[in-house]
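Only one structure is covered here, and it is reproduced in the block below.
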2 protein chains.
Amino acid sequence: MTASIYDVAKRAGVSISTVSRILNNSANVSDKKVQAVKEAMEYYQYEPNQFGRGLVKQRSNMIGVYTPFHSGSVFESSYTLELLKGIERVLTRHNYSMVLISESEEYSNRVKGSPRFMEYVRQRRIDGLLLSGLNGKSMDEEALKQILDEEYPVVYIGKKFHKKGINVYAQYESYMHQMIETLYADGHRKIVLYFYTTHENYLAGIVKKAEEELEELELIPIALSHITDIRPDLIADFRKYVIGGGCTAICSPGIETTQIILSVCGELRLSVPETVSILSVEHKSGEGRRLFPQISAFFVPAKDMGSGAAELLLDMIEDCPLEETSREYETKFFDRESIRQL
Amino acid sequence: MTASIYDVAKRAGVSISTVSRILNNSANVSDKKVQAVKEAMEYYQYEPNQFGRGLVKQRSNMIGVYTPFHSGSVFESSYTLELLKGIERVLTRHNYSMVLISESEEYSNRVKGSPRFMEYVRQRRIDGLLLSGLNGKSMDEEALKQILDEEYPVVYIGKKFHKKGINVYAQYESYMHQMIETLYADGHRKIVLYFYTTHENYLAGIVKKAEEELEELELIPIALSHITDIRPDLIADFRKYVIGGGCTAICSPGIETTQIILSVCGELRLSVPETVSILSVEHKSGEGRRLFPQISAFFVPAKDMGSGAAELLLDMIEDCPLEETSREYETKFFDRESIRQL
DNA sequence: CTGTTAGCGCATTCAT
DNA sequence: ATGAATGCGCTAACAG
């Protein structure tokens, strides 16, 4: 058994309240006792038991990070990874730690009828929740609304969908539209638009707007799973649309997909940008520059978004009044000449 | 305030022990009371407060995962990511969750003179610890030895370095040697060997053995940081050793590095494998097949290693007797013709 | 089968 | 400035 506050108090010849006061800087204690207590703490390598402390404070200093199952393992895409890096950084600095909450593969959401993060919230394992990858279709949103209504500290990454709650986002529809416009302006008329299923509910709007505004445009939207191996599908797509279908440009929703696209192009002897133009989203600055050939991209500052979300969440937890209820991040375009002017 | 066991008991018209018994399946309770209690639990959406429970059981059902700072953010390399995926899978299945413990960038290890994971251990935040990326040079090993001596549940990923403790590993020295041998057998005599600093303490041995056994070999070991942008360095290396120095083959320690190598080759107009042969390590099966050109690789089953480590750890925690004190994972070679026979 | 009770480690209030 | 006492929510030992 590790030492408790009693052991420290006994060795230092003081009462446990004195030790507690020193631990929490909650009152003045005479220098002599401080010394004695510090000695005892080092002697035992004492650290306050978090169960005892938590029972009183109802605080764990842990933040839950949740991504629904349909968006794949958190560890899959460079987008979520950058988010995590940003989150990690802020939390570490504020002495919080990160608990990854994942839906188990087998039961998916159905174990208790509500998403996993609810357990953590109700059990008070976490002081707040960061969410990403909601797509409005699972039951996760129901649960989320419920805790938002209870004023539980939550920040979600994605578009606002409920009056309460703080969110952090980049204008997905807007930069997707810009991608299409950019290609259109260079003369491309038949474009394959890859997207992750996480964003499928935005898609109809994007397609509609693009086809309305850009008259001759023919858009071929194709969903990508985060879960299966997409390479064979891509090869089929390229055969059908690029080699056989007159399609001249591809939009990729992330660099990991772009890499596969490039290897597919290599295998099919399609040169970039001569035969096919490629435009990508990147979530880590400069990712597109590290490919060969370099790929033009819209940079979405995922790491900053993660940090921002974490900061807002910690502010909520520490009861700092928040001025903003929503924070938008700007994307930035990097032209690396992977688009051919037609 | 969320509901406590008292609220549930009151609403169900029973005592708290009855509720507790139902929660823990620890004794038979009459059907009627079970029904009443279940109704009350649903009514309140009751989940047992983990502080209360933990205070009695001294168990958090959380596992800490730690990687020292020098090996970069956990979220950087595909190796650690695969490890995490494997760990996540096993933990989720056993109703444990993962706490990421990271050293803060600013203070590095020095805050308390001991690595961050010690806090978590002593505060009883975690029931066990998974470690990866130790390199024998930081103070982390000291702390680790200490908790190993206390029989604290720990599994580390990497070579055994202390009589106590369980470890899981792939023979790093052995497959690195095989990589060199493979290239040597095909006639390569001057080889650049990239390695991550995490493994630098193994390097002297590898170089020595290779140069002893393979007479005409000239090995150029180059360390890669996980932290900075390595692309400019690689370009300089390739200019110096491949274009200017007669080097004909490159060993890459991981696919993320291999990708950069390929883009550097593209930029410098070096064709693979005609001008330069490339051999890589891959931590996710098939990674090398997704590049263009495809790259031959030694596959290190990082995900399985993560799962294995987590399983062993959970066994320790649940007091299952372990037969093994060390578990080795086999690597597998995939020939994808990225090596030219000289 | 069920209720009562002690105690887990700590912060905090109330005396002193 | 300090100690004694209370209670946070829960499990488990005990008594019935």
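In what follows, chains carry the letters A, B, and so on, assigned in the order in which the sequence lines appear, proteins first and then strands, with residues in each chain numbered from 1. Not measured: the values here are computed from a predicted model.
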Legend entry - Phosphate OP1/OP2 of dG3(C) contacted by T18(B) side-chain N/O (<4.0 Å): yes
Inset, instruction - Give a yes/no answer on whether the side chain of S15(B) brings an N or O atom under 4.0 Å of OP1 or OP2 in dG3(C). - result: yes
Legend entry - salt_bridge(K85(B), E88(B)) N-O dist < 4.0 Å: no
Inset, instruction - Give a yes or no on whether a salt bridge exists between E47(B) and R124(A), defined as a side-chain N under 4.0 angstrom from a carboxylate O. - result: no
Inset, instruction - For E42(A), enumerate each residue passing the salt bridge (charged side-chain N to carboxylate O under 4.0 Å, His left out) test, keeping only those at least two apart in sequence or located in another chain. - result: none
Legend entry - Test salt bridge (charged side-chain N to carboxylate O under 4.0 Å, His left out) applied to E39(A) - qualifying residues, sequence neighbours left out: R11(A)
Test item: [X] and [Y] side chains (from C-beta on) under 4.5 Å apart, heavy atoms:
X	Y	result
V121(B)	T2(A)	no
I22(A)	N25(A)	no
T67(A)	L83(A)	no

Inset, instruction - Looking at every strand, decide which applies to Q50(A) at a 4.0 Å heavy-atom threshold: base, sugar-phosphate, or nothing. - result: nothing
Integer-rounded Å distance: [N] [atom2] and [X] [atom1]:
X	N	atom1	atom2	result
F51(A)	dT11(D)	CZ	P	12 Å
N49(A)	dG9(C)	CG	P	7 Å
I22(B)	dT11(D)	CD1	P	12 Å
R124(B)	dG9(C)	CZ	P	9 Å
L55(B)	dG9(C)	CG	P	7 Å
Q58(A)	dC10(D)	CD	C1'	11 Å

Inset, instruction - Can you pull out how bent the helix from dC1(C)-dG16(D) to dT16(C)-dA1(D) is, comparing the axes over its first five and last five pairs, to 10°? - result: 40°
Legend entry - Contact letters for nucleotides 11-16 of chain C, in which S counts primed atoms plus P, OP1 and OP2 and B counts the base, heavy atoms under 4.0 Å: BBB---
Legend entry - Pairs involving residues 305-327 of chain A, ordered by first then second residue, that meet side-chain hydrogen bond (donor to acceptor under 3.5 Å, both in side chains) (sequence neighbours left out): Y96(A)-E318(A), K160(A)-T325(A), N167(A)-S326(A), E324(A)-R327(A), R327(A)-Y329(A)
Legend entry - For F51(A), all residues meeting ring-ring contact (aromatic ring centres under 6.0 Å, His included), sequence neighbours excluded: none
Inset, instruction - Would you please name every residue forming a ring-ring contact (aromatic ring centres under 6.0 Å, His included) with F161(B), sequence neighbours left out? - result: Y156(B)
Inset, instruction - Taking side chain to side chain donor-acceptor pair (under 3.5 Å) as the test, write out the residues that go with Q58(B), two or more places apart. - result: N49(A)
Inset, instruction - Would you please name every residue forming a side-chain contact (heavy atoms from CB on, under 4.5 Å) with S26(A), sequence neighbours left out? - result: R21(A), N24(A)
Legend entry - For DNA chain D, the residues among residues 27-40 of chain B that have a non-hydrogen atom under 4.0 Å from it: none
Legend entry - Minimum heavy-atom distance D140(A)-P68(A), with the two atoms named: OD2-CB, 3.2 Å
Inset, instruction - For residues 115-135 of chain B, pull every pair meeting ring-ring contact (aromatic ring centres under 6.0 Å, His included), keeping only residues two or more places apart or in separate chains. - result: Y66(B)-F117(B)
Legend entry - Sub-4.0 Å heavy-atom contacts from residues 7-14 of chain B onto DNA chain C, ordered by number: V14(B)
